[in-house]
Amino acid sequence: MASKSVKFDRTVFRLLIQEFKDKYNIDCSSQKDFETIRELVNEETKEELENRLNEREESENRTKDEGKLSDDTIKRAFEFKKSYRGSHDATTCSIIARKVDYKGWDDFCEKAKLKYDYINGSQTTNMYAYNTLNIGQRVTIGWYPRKYCILMYLGDFEFEIIENQGLKSEIGRKIETTGFILDDSKNKYELPDIIIEPILDDCIDAEAIKMGFIPIESLL
């Protein structure tokens with residue numbers, strides 16, 4: 001008896017769709033993008049699709065084509081068309097997952113726990129003991145290569161931002177901090193912002209952070 005597939009989760013499914021877009025460099029903004037997606041998903045050109053549909057129409061055995069998705073299903077999955085059902089079946093999810101090198105939907109969901117869930121994931125925010133850092137040493141804070149900052153240690157608890165991806169700080173910004181903490185207010189599959197701990201516990205920003213109000217200047 002086959003095992004039951006992992007329950008559909010829209011947030012996780014959107015991560016799968018984003019991986020597909022990233023792999024094939026598609027932004028889903030035009031009819032041309034849709035034609036490309038359909039060809040990639042079903043592994044056939046538009047002409048081959050038309051021939052297949054004509055052959056099926058002429059056949060007495062009009063069974064559904066295995067491993068193929070309809071135009072309507074693809075449009076809903078990639079949000080060319082609004083999905084009123086709000087979910088997709090395991091077959092649809094698995095067909096798309098296999099196009100980005102997973103065994104299927106269950107395999108993608110299992111690996112997503114490591115790749116995207118910042119609580120269970122293997123990529124976490126590194127906390128550095130500053131007494132072991134040398135001046136000029138570079139450290140990475142965040143989830144490289146998706147959301148991170150590379151900082152250069154200047155000494156005396158001071159850093160300079162030299163590279164940034166998906167965080168708030170501009171390159172060249174200098175900060176003083178005793179460490180970094182995560183803003184845990186987001187969905188667990190959405191990487192959180194990183195909060196710069198103030199040097200002084202009694203400053204205004206420190207009090208705001210304790211109360212859950214994060215000043216924009218306190219975000220890395």
Side-chain angles (χ1 to χ4, degrees), residues 9-29 79 97 100-102 107-220:
D9 183 301
R10 175 159 290 278
T11 299
V12 180
F13 182 72
R14 284 176 174 167
L15 294 173
L16 172 61
I17 294 300
Q18 189 59 52
E19 280 203 21
F20 186 101
K21 293 179 184 178
D22 291 343
K23 177 175 181 177
Y24 297 107
N25 194 26
I26 297 172
D27 60 17
C28 297
S29 61
E79 298 185 344
V100 283
D101 305 319
Y102 295 95
D107 184 43
F108 174 76
C109 290
E110 183 63 28
K111 290 183 170 64
K113 293 178 183 178
L114 296 177
K115 294 179 69 175
Y116 296 105
D117 185 338
Y118 71 83
I119 295 174
N120 296 319
S122 58
Q123 298 184 49
T124 59
T125 303
N126 295 317
M127 311 301 288
Y128 291 92
Y130 301 145
N131 60 352
T132 67
L133 294 178
N134 298 316
I135 293 176
Q137 185 173 343
R138 299 184 179 191
V139 294
T140 300
I141 300 293
W143 303 267
Y144 184 87
R146 293 182 295 122
K147 189 173 184 177
Y148 69 95
C149 268
I150 297 179
L151 307 92
M152 182 169 65
Y153 187 54
L154 303 178
D156 297 326
F157 302 99
E158 186 177 11
F159 293 85
E160 181 179 349
I161 310 298
I162 60 174
E163 189 173 328
N164 170 45
Q165 173 64 44
L167 292 169
K168 309 298 183 183
S169 294
E170 294 183 357
I171 293 174
R173 179 188 181 188
K174 294 180 180 179
I175 59 173
E176 292 183 331
T177 181
T178 56
F180 304 91
I181 56 178
L182 301 181
D183 176 7
D184 61 359
S185 62
K186 295 187 176 183
N187 180 291
K188 73 171 184 174
Y189 284 104
E190 184 178 356
L191 293 177
D193 291 322
I194 300 175
I195 301 168
I196 303 165
E197 288 190 320
I199 289 287
L200 302 175
D201 290 338
D202 57 352
C203 72
I204 294 175
D205 286 352
E207 290 301 317
I209 291 171
K210 289 178 182 177
M211 296 172 62
F213 301 102
I214 315 300
I216 187 67
E217 61 271 16
S218 294
L219 295 176
L220 182 61

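- Between the CD1 atom of Ile194 and the OG atom of Ser218 there is a distance of 13.5 Å, given to the nearest 0.5 Å.
- Residues passing the side chain to side chain contact (heavy atoms under 4.5 Å, CB included) test with Asp27, sequence neighbours excluded: Ser29, Asp33.
- Annotation: side chain of Arg138 is in contact with side chain of Ile162 (closest heavy-atom distance under 4.5 Å).
- To the nearest 0.5 Å, atom SG of residue Cys109 and atom CG of residue Leu16 are 8.5 Å apart.
- Using a 4.5 Å heavy-atom threshold, the side chains of Leu219 and Leu167 count as separate.
- Summarising the geometry, atom CZ belonging to Phe20 is positioned 11.0 Å from atom CG belonging to Asp101; distances are rounded to the nearest 0.5 Å.
- Under the 4.5 Å side-chain criterion, counting only non-hydrogen atoms from C-beta, Phe180 is in contact with Ile175.
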Query raised in the report: Do Lys21 and Cys28 pass the side-chain contact (heavy atoms from CB on, under 4.5 Å) test, and can you show the C-alpha distance, the side-chain angles, and the key distance before you say yes or no?
Result: CA-CA 8 Å; Lys21 293 179 184 178; Cys28 297; 3.4 Å; yes

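- The minimum heavy-atom distance between Ala112 and Val12, with the atom names listed, is CB-CG1, 4.3 Å.
- For the pair Leu15/Phe108, a side-chain contact is recorded, criterion being any heavy-atom separation below 4.5 Å from C-beta on.
- The salt bridge (charged side-chain N to carboxylate O under 4.0 Å, His left out) search around Arg14 returns Glu79, not counting sequence neighbours.
- A heavy-atom distance below 4.5 Å is not found between the side chains of Ile150 and Val139.
- Among all heavy-atom pairs drawn from Glu170 and Ile161, the shortest one is O-CB, 3.6 Å.
- To the nearest 0.5 Å, the span separating CZ on Arg173 from CZ on Phe159 amounts to 13.0 Å.
- Contact of the Glu176 side chain with the Ile196 side chain is not registered, since no non-hydrogen atoms from C-beta on lie closer than 4.5 Å.
- Under the side chain to side chain contact (heavy atoms under 4.5 Å, CB included) criterion, Leu154 pairs with Met152, Glu158, Glu160, Lys174, sequence neighbours left out.
- In this structure, OH in Tyr148 is found 6.0 Å from CD in Gln165, a value given to the nearest 0.5 Å.
- Between Leu220 and Leu151, some side-chain heavy-atom pair lies under the 4.5 Å cut-off.
- Rounding to the nearest 0.5 angstrom, the gap separating the OG1 atom in Thr177 from the CD1 atom in Ile195 is 11.0 Å.
- Within the 4.5 Å cutoff, side-chain heavy atoms of Glu19 are placed close to those of Tyr102.
- A donor-acceptor pair under 3.5 Å is formed between the side chain of Lys147 and the backbone N or O of Pro192.
- Heavy-atom contacts from other residues, nucleotides or ligands closer than 6.0 Å to CG of Asp22 number more than 12.
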